[in-house]
2 protein chains.
Amino acid sequence: MPASTRAPADPLHDAKPRRRVGRPAAAVLDQDGITAAALQLIGKSGYDGFTMAALARTLNVAPSALYNHVSSKRDVLVLVQDHLTSFVDVSAFGSGPWDQAVRSWAWSYRDVFSKHTPLIPVIAVLPVTDAPKTLAMYEAVSAGFSHAGFPQERIISAIVALESFIFGSAYDVTAPADIFDSGSMADSTPNFTAAVEQQDLEGYEKPADVAFNLGLEAMIARFGALRG
Amino acid sequence: MPASTRAPADPLHDAKPRRRVGRPAAAVLDQDGITAAALQLIGKSGYDGFTMAALARTLNVAPSALYNHVSSKRDVLVLVQDHLTSFVDVSAFGSGPWDQAVRSWAWSYRDVFSKHTPLIPVIAVLPVTDAPKTLAMYEAVSAGFSHAGFPQERIISAIVALESFIFGSAYDVTAPADIFDSGSMADSTPNFTAAVEQQDLEGYEKPADVAFNLGLEAMIARFGALRG
DNA sequence: ATTCTAAATGAATGGCATTCATTTAGTGGG
DNA sequence: CCCACTAAATGAATGCCATTCATTTAGAAT
């Protein structure tokens, strides 16, 4: 007649944080699981809804448990950013011509991070040592530049210039459509207002895409001329 | 003996928030004062130390008083960003040749916001209506492009492309010097590691400046060719 | 067996932006 | 001249958040 210490019953509708105190027989958390859950949570709730408490909830764990595997929220963001980088397309650096490779790399890079702009401040100052997949991307791109005959001493600068443009353009994708509507100040800004109107006439293409294309092609054209 | 309810005395070393409850005879706060104090506080304590409570303290006011003049912390950041924009140099668009004007505008724009990268996410999605000085900058730049014979329908795209590059490059300025040190993974990233080493050999100039120059000149050269 | 370490819980902690009730000062209409 | 209204301050909540800490338990190592 042992007071059967059975689980809380109610198998249905009970995804609550029920687990008895102390180390569980099998580990519940690891960095990969945390990363996957974080990515999913961000997808569902955005970066505003992305809190350590919410992350813990989706993992059915107490918030403090996370800190056995990551040292801070920023740490989780680093894991997420590195994971996302593996979705950036570097395949063309192995096969196609240099300019096409840069094109597909840059567009996919921008597209991935335009949905994750809050990561940009993190990436921008993150040592590559802390992000292995990101490092792998740089290696693929560097190799592509090198094989295309790019002068060694300018490879990093060129990549950094492209990357800076990509990050800035990722923000641009998220801007509201009417961001340039000068409203009541239109009278005092005739040149700007006229330019905005002319652009609106042209455009069935997304303005962010047009601007990105313009800048990217400028860099590709000019950088391409540097090759030996 | 007399429990003399006199003011806390200590005229020295007493910049404490002393003011009796109720509306003061003369208003203590206004948006300009808040903006100036915010800018000063950010300069001294950085964006981490920039809290509504700290801002209130420097203004010798209760935190809640701020909300009579701004509706949120974001509002303060918008005020700061717009104020900073007036430090961006657009003067050359009135006088010199187009390419030189773009050059000085872009460099000064990057320099101003490289010390204020936390504002970039704010700027990037901010309707120009809410930032009059920013709008004025766009007007000056648009006028410069227009007078230089730039096709109307491409002016905004070109400015956006340049601006995206500028914002991304502002982040780059803040990156640690050893950000590309691949450390123990150097073996598996030969091309990247070699490129980083070659760059380091070259450089007495700041890497961020070299990259910015490279990208900027690419855009100037290409965009310049669009002029009619 | 005992000790050590890892991984969980649950209860603080301190900081933060923001809101609300209250108080007081000036202003405009009767 | 009074009265209502509005604006601008205080001070006391509120609720959320990341993070820390003491405690408990499981398994591995000695």
Side-chain angles (χ1 to χ4, degrees), chain A residues 5-8 14-38 41-42 45-80 118-119 121-122, chain B residues 5 7-8 14-35 37-38 41-42 45-80 118-119 121-122:
Chain A
T5 58
R6 74 181 200 287
D14 189 17
K16 297 303 146 42
R18 290 298 138 235
R19 182 179 299 106
R20 94 176 184 287
V21 157
R23 185 186 199 186
V28 179
L29 296 177
D30 58 34
Q31 287 204 339
D32 284 351
I34 291 173
T35 307
L41 175 59
I42 289 164
S45 316
Y47 281 87
D48 280 352
F50 177 60
T51 67
M52 293 300 270
L55 179 57
R57 209 174 310 124
T58 75
L59 286 162
N60 203 21
V61 136
S64 53
L66 295 168
Y67 290 86
N68 289 318
H69 303 268
V70 297
S71 66
S72 65
K73 181 177 182 178
R74 180 171 196 279
D75 237 53
V76 180
L77 293 177
V78 168
L79 291 173
V80 169
L119 293 178
V122 175
Chain B
T5 59
D14 189 15
K16 297 303 144 44
R18 290 297 139 234
R19 183 179 299 106
R20 94 175 184 285
V21 159
R23 185 186 198 185
V28 179
L29 296 177
D30 60 32
Q31 288 204 340
D32 283 351
I34 290 173
T35 307
L41 176 59
I42 289 164
S45 315
Y47 282 87
D48 280 352
F50 177 60
T51 66
M52 293 299 270
L55 180 57
R57 211 175 309 123
T58 75
L59 287 162
N60 203 23
V61 136
S64 53
L66 295 167
Y67 290 87
N68 289 318
H69 303 268
V70 296
S71 66
S72 67
K73 181 177 180 177
R74 182 171 194 280
D75 238 54
V76 180
L77 293 178
V78 168
L79 291 173
V80 169
L119 293 178
V122 176

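First the proteins, then the strands, lettered A, B, ... as listed; each starts at 1. Quick caveat, the model's predicted, so the values are computed rather than measured.
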### Task
Take the protein atom CG of A:Asn60 and the nucleotide atom C1' of C:dT9, then report the distance between them rounded to whole Å.
12 Å

## Note on the structure
To the nearest 0.5 Å, atom CD1 of A:Ile34 lies from atom CG of A:Asp75 at 9.5 Å

Any N/O pairs under 3.5 Å between the protein and nucleotides 14-16 of chain C? List them or say none.
none

### Query
For the helix from C:dA1-D:dT30 to C:dG30-D:dC1, what is the angle between the axes at its two ends, each from 5 pairs, rounded to 10°?
10°

### Query
Of the non-hydrogen atoms in A:Gly33 and A:Leu59, which two are nearest, and what is the gap between them?
O-CD2, 4.1 Å

#### Entry: Phosphate-side-chain proximity, A:Arg19 and C:dT9, N/O vs OP1/OP2 below 4.0 Å
yes

### Query
Between A:Ala54 and A:Gly49, which heavy-atom pair has the shortest distance, and what is it?
CB-O, 3.6 Å

### Query
Between D:dT10 atom C1' and B:Leu29 atom CG, what is the distance in whole Å?
12 Å

### Task
Starting from P on C:dT18, measure out to NE2 on B:His69 and report it in whole angstrom.
16 Å

### Task
Rounded to the nearest 0.5 Å, what's the gap from CG on B:Leu29 to CG on B:Leu66? Could you check?
6.0 Å

### Query
For the pair made of CD in B:Gln31 and P in D:dA8, what is the distance, rounded to whole Å?
11 Å

### Summary
Nucleotide by nucleotide, nucleotides 20-30 of chain D touches protein heavy atoms under 4.0 Å in the pattern (B base, S sugar-phosphate only, - none) BB--BBBS---

### Query
Hey, what do you get for CZ (A:Phe50) to CG (A:Leu77), rounding to the nearest 0.5 Å?
5.5 Å

### Task
May I ask you to verify whether the side chain of B:Asn68 and the base of D:dA9 hold a donor-acceptor pair under 3.5 Å?
yes

### Residue pair B:Val76 / B:Ala38: nearest heavy atoms and the distance that separates them
CG1-CB, 3.8 Å

#### Entry: Side chain A:Arg19, main chain A:Asn60, donor-acceptor under 3.5 Å
yes

#### Entry: B:His69 vs B:Val28, side chain to side chain contact (heavy atoms under 4.5 Å, CB included): CA-CA, chis, key distance, verdict
CA-CA 11 Å; B:His69 303 268; B:Val28 179; over 6 Å; no

### Task
Using a heavy-atom cut-off of under 4.0 Å over every strand shown, decide if A:Ala27 touches base, sugar-phosphate, or nothing.
sugar-phosphate

### Task
With rounding to the nearest 0.5 Å, note down the distance linking CG in B:Leu119 to CZ in B:Arg74.
10.5 Å

### A:Thr58 side chain to A:Leu55 backbone, donor-acceptor under 3.5 Å
yes

### Query
Minimum heavy-atom separation for A:Ser72 to A:Tyr67, with atom names?
CA-CE2, 4.1 Å

